Amino acid sequence: MSAQPIKFGDLKRQHDAIRTEIDAAITRVLASGWYILGQEVGAFEQEFADYCGVAYGVGVASGADALYLALTALDVGPGDEIITAANACMYQTAAIVQTGVRPVLVDVDPTTYNLDPPAIEAALTPRTRAILPVHLYGRLADMPAINAIAERHGLAVIEDAAQAHGAWIVDAANRPRRAGAWGTLACFSFYPSKNLGALGDGGMVVTNNAALVERLRRLRQYGWGSKYVTVEVGGRNSRLDELQAAILRVKLRHLECWNAARRERAAWYAELLTSAPLMLPADAPGHVYHLYVIASDRRDDLRSHLTAEGIGCDIHYPIPAHLQPAYADLGCRPGALPQTEQLAGRILSLPLYPELTRAEVEQVAAAVRTFTG
Ligand SMILES: *Cc1c(COP(=O)(O)O)cnc(C)c1O
């Protein structure tokens, strides 16, 4: 008898488990008669900001919009540079380009896959305005080091925390501080497959800066200061709707539990794959494993093998930003980011979600082992 296939992701399991809570939230919004920017959005903004440990949240339509609006609120533009990583798909780099700023791509640390502070230092110029770290795969970038560089040079820090809801590292006083509570501004996505996901699109910018919140509230709604009064150029329609906010309020109550389940499954993989000739993710106490990413010199063959065994896997991400066809003019050539480029050819994401069973993790690990020996 052959084993059941294992999907790379399975959101239905998660929603089936909390179906009655979600139904109640949907019914409440339906009955309220108010569907855009109302009580649910306001409550979720405060609850999520509290969870992150910051003062304010501004709900927007997506993670991509959160990034674009955060940059717009900082008044960056042509002639400015922002330092970021090239291994996080194009999300944040595209937002930087949309504001007219030049993205300066630097290499990543080969064990954490996050921005490498010495590489940031080496890329600073008089035009640098901000640093934009991505907390890739659910692990925080080295924020104490990044914030120290930013402070020394008077730069803003924008966290792309779309993969890191609830992730943390300790601050100088040895207190855990979550993703979102480190930067000038931090951007989250609630795309369905994120650690905290809606049943559609959604995003949020969080910050402690009241003036930036004021601007973000205008920018997400046509640049209006009050109804029909436009006080900002560059506003758009990017609102989080009541229905998604109500659903996200339900799901936020489960986030800690789901993140703990992700960590438990990551520990199972580590236990079962420890002697395999692979690079396993470097664990850290506050890592929330949005993805479980291994690295292998024979990645493409391993991927084919797992696919043939009925195991879903994926590559996050196959093409670094500077090698994307539309971005050949970023001024960063092939070979310029050796760690980033090497990793792109070696990384492979295995199934990892809170509802995955021990038997399924064992099945995935066994399939990996029949390939690697
Ligand atoms: C998903 C993601 C985004 C984009 O979020 P959307 O809500 O899909 O627009 C941005 N950055 C990172 C790192 C992401 O993983």
Side-chain angles (χ1 to χ4, degrees), residues 8-9 11 41 44 48 52 57-72 82-99 103 105 108 112-115 130-141 143 146 157-167 179-180 182-183 185-206 216 219-220 236-241 244-245 247-248 251 259 262 281 287-293 314-321 324 327 340 343-344 347 349 352-353:
F8 182 69
L11 291 169
V41 170
F44 178 58
F48 190 69
C52 293
V58 180
V60 297
S62 69
D65 275 5
L67 287 160
Y68 174 79
L69 295 171
L71 292 169
T72 305
I82 294 182
I83 296 174
T84 194
N87 65 340
C89 201
M90 281 297 300
Y91 306 113
Q92 88 294 22
T93 311
I96 293 170
V97 170
Q98 280 159 27
T99 59
L105 301 170
V108 294
T112 67
Y113 305 164
N114 278 325
L115 270 185
I131 307 170
L132 203 169
V134 180
H135 306 313
L136 204 64
Y137 310 148
R139 183 190 174 118
L140 255 74
M143 295 312 296
I146 289 170
V157 174
I158 304 112
E159 296 172 67
D160 181 342
Q163 304 190 355
H165 316 71
W182 293 88
L185 294 156
C187 303
F188 288 88
S189 163
F190 304 117
Y191 181 80
S193 64
K194 308 293 188 188
N195 287 36
L196 178 61
L199 300 185
D201 277 311
M204 195 179 293
V205 184
V206 302
L216 286 162
L219 288 166
R220 75 170 165 188
R236 53 164 71 177
N237 173 0
S238 180
R239 300 175 292 218
L240 180 64
D241 63 65
Q244 297 304 342
I247 292 162
L248 286 162
K251 295 185 71 174
N259 280 346
R262 285 176 182 273
H287 193 327
V288 295
Y289 292 96
H290 172 60
L291 294 167
Y292 191 83
V293 180
D314 207 343
I315 299 169
H316 299 90
Y317 297 92
I319 308 174
Q324 293 282 351
Y327 289 88
T340 299
L343 284 168
I347 49 178
S349 309
L352 186 132
Y353 35 97

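Everything quoted here is computed from the prediction, not taken from an experiment. Computed from heavy atoms alone, side chains included, the values below leave out hydrogens, waters and symmetry copies. Read the numbers this way: they start at 1 and go in the same order the structure lists the ligands and their atoms.
- Under a 3.5 Å cut-off, the side chain of Ser62 and the backbone N or O of Asp201 do not form any donor-acceptor pair.
- For Arg262, there are no salt bridge (charged side-chain N to carboxylate O under 4.0 Å, His left out) partners at least two apart in sequence or on another chain.
- In this structure, the side chain of Asp65 does not engage the main chain of Gly203 through any donor-acceptor pair within 3.5 Å.
- A search for ring-ring contact (aromatic ring centres under 6.0 Å, His included) contacts involving His290 returns nothing, not counting sequence neighbours.
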Could you list each nitrogen or oxygen of ligand 1 that sits under 3.5 Å from a protein nitrogen or oxygen, with the atom names and the distance?
unit_1, atom_1, unit_2, atom_2, d
ligand 1, 5 (O), Ser189, OG, 3.2
ligand 1, 7 (O), Gly63, N, 2.8
ligand 1, 7 (O), Ser189, OG, 2.6
ligand 1, 9 (O), Gly63, N, 3.3
ligand 1, 9 (O), Ala64, N, 2.8
ligand 1, 11 (N), Asp160, OD1, 3.2
ligand 1, 11 (N), Asp160, OD2, 2.7
ligand 1, 15 (O), Gln163, NE2, 2.8
ligand 1, 15 (O), Lys194, NZ, 2.7

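- Across all non-hydrogen atoms, the minimal contact from Leu240 to Val41 is O-CG2, 3.3 Å.
- Remark: His165 pairs with Phe188, Phe190 by the ring-ring contact (aromatic ring centres under 6.0 Å, His included) rule, at least two apart or across chains.
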